Amino acid sequence: MKNNGELLRTIEMNHGIVSMIDQNLLPFEFKIIQSYTYSETCQHIKRMTVRGAGAIGAAAGFAMAQAFLQAKSENLQAYVSAARKEIEQTRPTARNLFYAVEKVYKAGLISPEKAIEKAQQIAHEDEEACYNIGYYGNEIIAHKANIATHCNAGSLAFVRYGSALSPIYQAFAQQKEIHVWVDETRPRNQGSRLTAWELSKANIPHTIIADNAMAFFIQQGKIDMVIVGADRIAANGDTANKIGTLEKALAAKHYNIPFYVAVPSSTFDIDCKSGDHIPIEYRSEDEVLWISGKSKNGLFCEITTSNPGSKASNPAFDITPAELITGFITEKGIIKPNRAAIGKLLLNI
Ligand code: MRU
């Protein structure tokens, strides 16, 4: 996320205190909040103060390290394994969360210092991987390009550079003439709130469109390529990402434009055979029935436009089958969405 020309970290931990940008207040207010305990950090993951695959992973790693710092030596084992469960229950789809918790947990069993070291390392690796995703992704962005994205897989969704937006940042820095189509991403509007905010901070030309408008713009020839992020990728390349991704991928395939998923290796789940095995998080129906924002007179408010009394269903993610994906833009290069290429990528880490 660029603030006064500077890319800031979305989340970091110093002396056991986790600091994060409060993403629920954006784009209206920029505030960094602090979390002192692992349960507080869990609450922030659940409430989506911090969200997005890599940022959730970093937050979960920091929360696990906080649990080791809080544990008393007489009941350390019971305390940290209860904490691990609590952290793992916050956001079930995000692979990076489980990746980070497992690594920090193992390190913490040696000492709390090792837990902190590992959590910092995971955050640092996320930053580095995202930068390199930008490098490889930029290579496939033409000098004049109209790129569409979905949800927010930008700097706010990771520790720093983002996945889907990282190539866009690098292309823009090289003075390529790019324009980004940003869909709203109902129900929480991560596109119109967060991606649009990030892009405007970086002065990157962009246009917000309604969620159901992307297929129209693809059909009209206004979009050259789609780049999205991912929350978990199965061993066969099936990809879980924010609800609505699947319909964008179908439209891209139909009209023969490339559909890329930008993702660090930490998002691949080699133990998960296919998309059918990825757990899909269902969130509160209130997120569909109510919209929060700012009123014309500048006050924060929640409104509904739905029929009073009607029920809603709110899956947070969908699964895009591998065959609809052109390639994965990873920190090691662009790979094909198949088992062999994914296996090779993970072996080389
Ligand atoms: O529910 P969220 O906002 O945590 O959703 C995760 C995401 O940010 C998206 O699915 C995103 O496109 C991929 S994660 C970088």
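Only a predicted model underlies this, so the values are computations on that prediction, with no experimental measurement involved. Each ligand, and each atom within it, is numbered from 1 in the order the structure gives. FYI, side chains are in, hydrogens and waters are out, and symmetry mates aren't considered; it's all heavy atoms of this structure.
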message = Check this for me: does any side-chain nitrogen of one of Arg91 and Glu281 sit under 4.0 Å from a carboxylate oxygen of the other?
response = yes
* Run the salt-bridge test on Lys248 and Asp183 with the 4.0 Å N-O cut-off and return the result as yes or no. => yes
From the list Glu128, Glu12, Glu127, side chain to side chain donor-acceptor pair (under 3.5 Å) partner of Arg160 resolves to Glu127
Please check if any side-chain donor atom of Glu125 sits under 3.5 Å from a side-chain acceptor atom of Ser266, or the reverse. no
Side-chain donor-acceptor pair present, Tyr255, Gln219, cut-off under 3.5 Å: yes
Heavy-atom proximity to atom 8 (O) of ligand 1, picking from Arg51, Arg95, Arg283, points to Arg51
- Task: Decide yes or no on side-chain contact (heavy atoms from CB on, under 4.5 Å) for Trp181 and Ile218, but give the supporting numbers first.
- Result: CA-CA 10 Å; Trp181 293 98; Ile218 290 177; over 6 Å; no
Atoms of ligand 1 less than 4.0 Å from [X] heavy atoms?
{"X": "Ala153", "result": "15 (C)"}
{"X": "Ala157", "result": "15 (C)"}
{"X": "Lys242", "result": "1 (O), 2 (P), 5 (O), 9 (C), 10 (O)"}
{"X": "Phe158", "result": "15 (C)"}
{"X": "Met48", "result": "1 (O), 2 (P), 3 (O)"}
{"X": "Asn152", "result": "8 (O), 11 (C)"}
{"X": "Gln190", "result": "1 (O), 2 (P), 3 (O)"}

> Is ligand 1 less than 4.0 angstrom away from at least one heavy atom of Glu281?
Replying inline: no
